[in-house]
Amino acid sequence: MRLCASLIFVFSLVALLFAGPSSSALAAQQPELARFLPDLKADELLPGASGFGTIRDDVPVAPILKNGETLGWAFLTSDLVGTTGYSGKPIHVVVAVTLDAVLTGVRLVEHSEPIVLIGIPEARVQRLTEGYAGLDLKKEAAAGGSAHELDIISGATVTIMVIDDSIVRGGLKVARALGLGGLAPEVQGPKRIIDASLERLEDWGVLEGDGSIRSLSLDVGQINAAYASSGDERAAARPEKGPETDSFITMRAALVSVPSIGRSLLGDAEYKNLTAWLKEDEHAILVAARGRYSFKGSGYVRGGIFDRIQLIQGDNSVRFFDKQHRRLGTIAAAGAPSFTELDLFKIPADSGFDPAKPWRLQLLAQRAVGPIEKSFLTFDLAYRLPESYLVPLAPITIDAPDEEAAAKAALWQRIWRDRQVEVTGLVAMLLVLTAVFFFQFQATRNERTLFWFRMGFLTVTLVFLGWYANAQLSVVNLMALAGALQAGFTWDAFLLDPMIFILWFSLAAALVFWGRGVYCGWLCPFGALQELTNRIARTFKVPQWELPWGLHERLWPIKYMIFLGLFGVSLASIPLAETFAEIEPFKTAIILKFAREWPFVIFAVGLLVVGLFVERFYCRYLCPLGAALAIPARIRMFDWLKRYRECGNPCKTCANECPVQAIHPTGEINPNECINCLHCQVLYQSGAKCPVVIKKLKRHATMVARNKESAAALEKAFGTRVPQKEGTNV
């Protein structure tokens, strides 16, 4: 029961530490664009503009005017989409978009991101934000929001990705709501389905005219020009032969699982065969083509897969195998042109395909550039089922919270995919460290082996976790607790940084089993930096200062007072508390790698210099994060560090050699100060330093010597050698 209660307490605390505004709170947020417009100049957002108009009632946008004429629209990202950043508060960005759906001006107007407030210069983030000017939302809509390159500032990954996501999603919402650049409004609400009752028959011209059939046409000149601009000189040097107007490929596609389209193109008999072939929730497309290039290729003959086409919808893609393919003899619709390839492809039910949403058929064009080498280009045939074929499952209602939650989920999932290498490395480190602690008796048998393992692990912690992955926990994370008392809980802010997410939850488990020392002693990059620099100092014979126990014990409470002070300030003002949290040198030394203003660098370097003489000086006396972790660590369920009754009385070897003086003169280990370096467990087994072990070894040696003397006496008395086993009493 105690273990269960402890686990519930720790995981609840960790959840609270990352609480932030809920999705429902974001949805209920009132438009704030009017608060920022008076401080902005229209011509800075859209050149040539003279002012702003009145904010619309239906969409939170303001017209950007010139002599009464609307040149574009201004909007605030946080009025339209969730923009919660690492601080748990919205990041406000004002964006201007033209009537052709192109962004012209972007301004970061307000935020509470601690890494920007007291770390990375705000001008740098502002320049990156302003760089979104020129972004074409039409291309973003066609590519699902991924048509642009994402520029990341090291140390502010979460902040930048939230800004990027909010600008693109907010811009697309405005463009679709206002019909900018020809973008059609997205129908929000429940899922729509194909209208099975609609069975009208149309000829080829009508189907092509209303968008039921979509096309992709490439001539020889276009394909040669595409390879010429691809940058592949070998491919450009081998152009297609023949007149430039000759057809390279003319391809048509249609969703024939729609009854009206299927019956019109296939005829009643073939459509009946199609419906018998398709199972529940499966769909089918017709692909027809002519020209010198085949969309089928030969891959499906060799390995059962069509390697030149794939269907893409959002984040999902479908490649077709031979068992999902059927040939079609002819097209039934009147007026259909002739094609050299007519094929039906089945879309599996588990592919996540939604016929009501846009999709594209991607064609892979290839050109030989060597005996076995080829150069590839892709071309897209975009398809959107006409609205006349769809009906809603129920009356359409707007469900903004669900939409926003889905968008947020897509963002953090994208971040996790992008950081697979770092996540894998961290998980490997945690598995190794867990094995060491579970088998610590075996791990601490050899002092030299453990020492070099520890130095190597700390080096990986500093270089990989700290300087490369920026996975440094901070008391700033704990400031979200005050925000959680005022708003609902959401995982979004927590999940935006996978490394911090994994570290916090591994720390929660470690607090139950071993206490705070697992993180402070092994996984804290700044702690690793202190210990490694101290070891280098010892190599160069830098003298080590050991504070008198009385003074040392009275300096311990300083870090607890610092933490409680910061926590108290956070209840009144989290931004102010984040500013005072600069008592932590983590941002300077780890996140920004000392690339900061000189006062911060001097402070961080000063702590490291003191640490050359007093090992882990900052950890011992000043670290508010260590103090915060020590409080819940009191509930740990197990005492893994072994002790003898003689420890402290009379033996004081462990107390004298503890690198952070966490062992009382009376022999007890203080779990609030212990960093779990395991040095005391090395001494626990040492035959050279531990009096208890030495005494046992001497007793054993004496017993062996007596056995040998007894055996010799018996041999002399009886004249016969007495066999014996070492350590056996005779």
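Without hydrogens or angle criteria, Q222 side chain to D219 main chain gives a donor-acceptor distance under 3.5 Å. R367 places a side-chain N or O within 3.5 Å of a backbone atom of R238 that can act as its donor or acceptor partner. Under a 3.5 Å cut-off, the side chain of K173 and the backbone N or O of L80 do form a donor-acceptor pair. Formation of a donor-acceptor pair under 3.5 Å by the E208 side chain with backbone atoms of G205 is not found in this model. The backbone N or O of L108 sits less than 3.5 Å from a side-chain atom of Q126, completing a donor-acceptor pair. D203 places no side-chain N or O within donor-acceptor distance of the main-chain N or O of A334, the cut-off being under 3.5 Å.
Across all non-hydrogen atoms, the minimal contact from Q366 to R308 is NE2-NH2, 3.0 Å. Nearest heavy atom pair, residue P358 against residue R384, reads CG-NH1, 3.0 Å. Minimum heavy-atom separation, Q362 to D380: CG-OD1, 3.3 Å. In this structure, I223 and A365 approach most closely via the heavy-atom pair CD1-CB, 4.1 Å. Among all heavy-atom pairs drawn from A74 and L33, the shortest one is O-CD2, 3.5 Å. What you find for Y293 and I249 is that their closest heavy atoms are O-CD1, 3.5 Å.
Counting heavy-atom neighbours within 6.0 Å of E130 CD, excluding the residue itself, gives a total above 12. Shown here is D58, whose CG atom has more than 12 heavy atoms of other residues, nucleotides or ligands within 6.0 Å.
Side-chain atoms of S212 and D210 include a donor-acceptor pair closer than 3.5 Å. Between the side chains of E341 and S294, at least one donor-acceptor pair of N or O atoms lies under 3.5 Å.
Taking the ring centre of Y389 as origin, the terminal cationic atom of R200 falls inside the region bounded by 6.0 Å and 45° from the ring axis. Cation-pi contact between R56 and W73: present, with separation from the ring centre below 6.0 Å and deviation from the ring axis of at most 45°. In this structure, R214 forms a cation-pi arrangement with Y383, its terminal cationic atom sitting closer than 6.0 Å to the ring centre and no more than 45° off the ring axis.
Annotation: the span from L255 atom CG to I347 atom CD1 amounts to 6.0 Å, rounded to 0.5 Å. Atom CG of L286 sits about 14.0 Å away from atom CZ of R326, to the nearest 0.5 Å. For the atom pair CG (D43) and CG (L40), the distance works out to 11.0 Å, reported to the nearest 0.5 Å. With rounding to the nearest 0.5 Å, the separation of OG in S351 from CD in Q313 is 8.0 Å. If you take OG1 on T104 and CG on L45, they are separated by 6.5 Å, rounding to the nearest 0.5 Å. Atom OG of S257 and atom CG of D281 lie 11.0 Å apart (nearest 0.5 Å).
Using a cutoff of 4.0 Å between basic side-chain nitrogens and carboxylate oxygens, D100 and K138 are scored as salt-bridged.
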Worked verdict on L381 versus V287 for side-chain contact (heavy atoms from CB on, under 4.5 Å)
CA-CA 11 Å; L381 186 158; V287 183; over 6 Å; no

Report task. Apply the test side-chain contact (heavy atoms from CB on, under 4.5 Å) to residues Y468 and E422: give CA-CA distance (whole Å), side-chain angles for both, the deciding distance (0.1 Å), then the verdict. Result -> CA-CA 9 Å; Y468 174 74; E422 293 96 323; 3.6 Å; yes

Practice item. Tell me, with the steps shown, if V391 and I193 meet side-chain contact (heavy atoms from CB on, under 4.5 Å). Key: CA-CA 6 Å; V391 292; I193 59 174; 3.9 Å; yes

In sequence, state the C-alpha distance, the side-chain angles, and the governing distance for F320 and I285, and then conclude on side-chain contact (heavy atoms from CB on, under 4.5 Å). CA-CA 11 Å; F320 301 105; I285 60 173; 4.0 Å; yes

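With a 4.5 Å cut-off on side-chain heavy atoms, N273 and E270 count as touching. Looking at W204 and R252, their side chains come closer than 4.5 Å, going by heavy atoms from C-beta outward. Using a 4.5 Å heavy-atom cutoff, the side chains of L103 and I167 are in contact. A heavy-atom distance below 4.5 Å is not found between the side chains of T70 and I64. Side-chain contact check for P259 versus L198: every heavy-atom pair is 4.5 Å or farther apart. Using a 4.5 Å heavy-atom cutoff, the side chains of H92 and L76 are in contact. Side-chain contact between F353 and V318 is absent, with no heavy atoms from C-beta onward closer than 4.5 Å. In this structure, L344 and L266 have side chains that are in contact, with non-hydrogen atoms separated by less than 4.5 Å.
For the side-chain contact (heavy atoms from CB on, under 4.5 Å) criterion with T129, the lone passing option out of I91, I163, D164 is I163.
The aromatic rings of F345 and H325 sit tilted relative to each other, their planes meeting at an angle between 30° and 60°.
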